[in-house]
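When a residue number appears, it is its place in the shown sequence, counting from 1.
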Amino acid sequence: MDTTFHLIDLVSQALAVSGVASWQASRTEIEWLSSHGSVTPKPKTQPNERPTFWFESRTGRSCAFFLDGDEFVFIGDHTTFTVSDSK
């Protein structure tokens, strides 16, 4: 388990998580997240729906998301959003 990265809030740390190279070599993003909190798959309601997950960090911060390539897409009330670098 990677103990050098402390994941507190996936939404605010999404860019940093995307940049962590340690999970890219041997694990998937979901496996890496599972080692830093709990990841629960949400049931699909449509046949072609993307796999969607509920993440809760060890500090209790939670969010719903799906992956679009290597980018996290977060699901909020009546919206979806990504976190991007402001550069």
Side-chain angles (χ1 to χ4, degrees):
M1 181 164 78
D2 181 1
T3 59
T4 60
F5 190 94
H6 300 282
L7 183 54
I8 297 168
D9 176 29
L10 182 56
V11 174
S12 65
Q13 292 179 278
L15 287 176
V17 169
S18 295
V20 172
S22 63
W23 59 258
Q24 295 174 355
S26 62
R27 302 180 189 170
T28 67
E29 295 94 329
I30 301 303
E31 289 170 338
W32 188 89
L33 286 171
S34 294
S35 72
H36 289 78
S38 66
V39 179
T40 306
K42 297 178 72 70
K44 287 186 174 186
T45 58
Q46 304 285 330
N48 295 328
E49 187 176 334
R50 294 175 192 246
T52 305
F53 303 91
W54 183 259
F55 174 76
E56 184 170 340
S57 72
R58 293 183 181 137
T59 62
R61 300 291 307 239
S62 58
C63 64
F65 72 94
F66 61 87
L67 293 168
D68 185 10
D70 61 352
E71 187 171 49
F72 290 98
V73 180
F74 297 102
I75 304 167
D77 291 336
H78 308 289
T79 188
T80 60
F81 62 97
T82 61
V83 177
S84 61
D85 194 351
S86 61
K87 292 182 184 178

Nearest heavy atoms of [X] and [Y], plus distance in Å:
X: Trp54; Y: Ser62; answer: CZ2-OG, 3.2 Å
X: Ser12; Y: Asp9; answer: OG-OD2, 2.9 Å
X: His6; Y: Gln13; answer: O-NE2, 3.2 Å
X: Trp32; Y: Leu7; answer: CZ3-CD2, 4.2 Å
X: Thr59; Y: Ile8; answer: OG1-O, 3.2 Å
X: Val11; Y: Val83; answer: O-CG2, 3.5 Å

So how far is it from [X] [atom1] to [Y] [atom2], rounded to the nearest 0.5 Å?
X: Thr82; Y: Phe74; atom1: OG1; atom2: CZ; value: 9.0 Å
X: Phe65; Y: Ile30; atom1: CZ; atom2: CD1; value: 4.0 Å
X: Thr40; Y: Glu56; atom1: OG1; atom2: CD; value: 8.5 Å

Exercise. Would Ile75 and Val17 show up in the same hydrophobic cluster when neighbours are defined by side-chain heavy atoms closer than 4.5 Å?
Worked result: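 Each belongs to a different hydrophobic cluster.
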Exercise. Hey, mind stepping through Leu67 and Phe72 against side chain to side chain contact (heavy atoms under 4.5 Å, CB included) and telling me if it holds?
Worked result: CA-CA 5 Å; Leu67 293 168; Phe72 290 98; 3.6 Å; yes
For this session: Give the intermediate values and the outcome of side chain to side chain contact (heavy atoms under 4.5 Å, CB included) for residues Asp68 and Arg50.
Result: CA-CA 9 Å; Asp68 185 10; Arg50 294 175 192 246; 3.4 Å; yes
Problem set entry | Thr52 backbone acceptor or donor facing Lys42 side chain under 3.5 Å |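 Checking the backbone N and O of Thr52 against the side chain of Lys42, no donor-acceptor pair under 3.5 Å is found.
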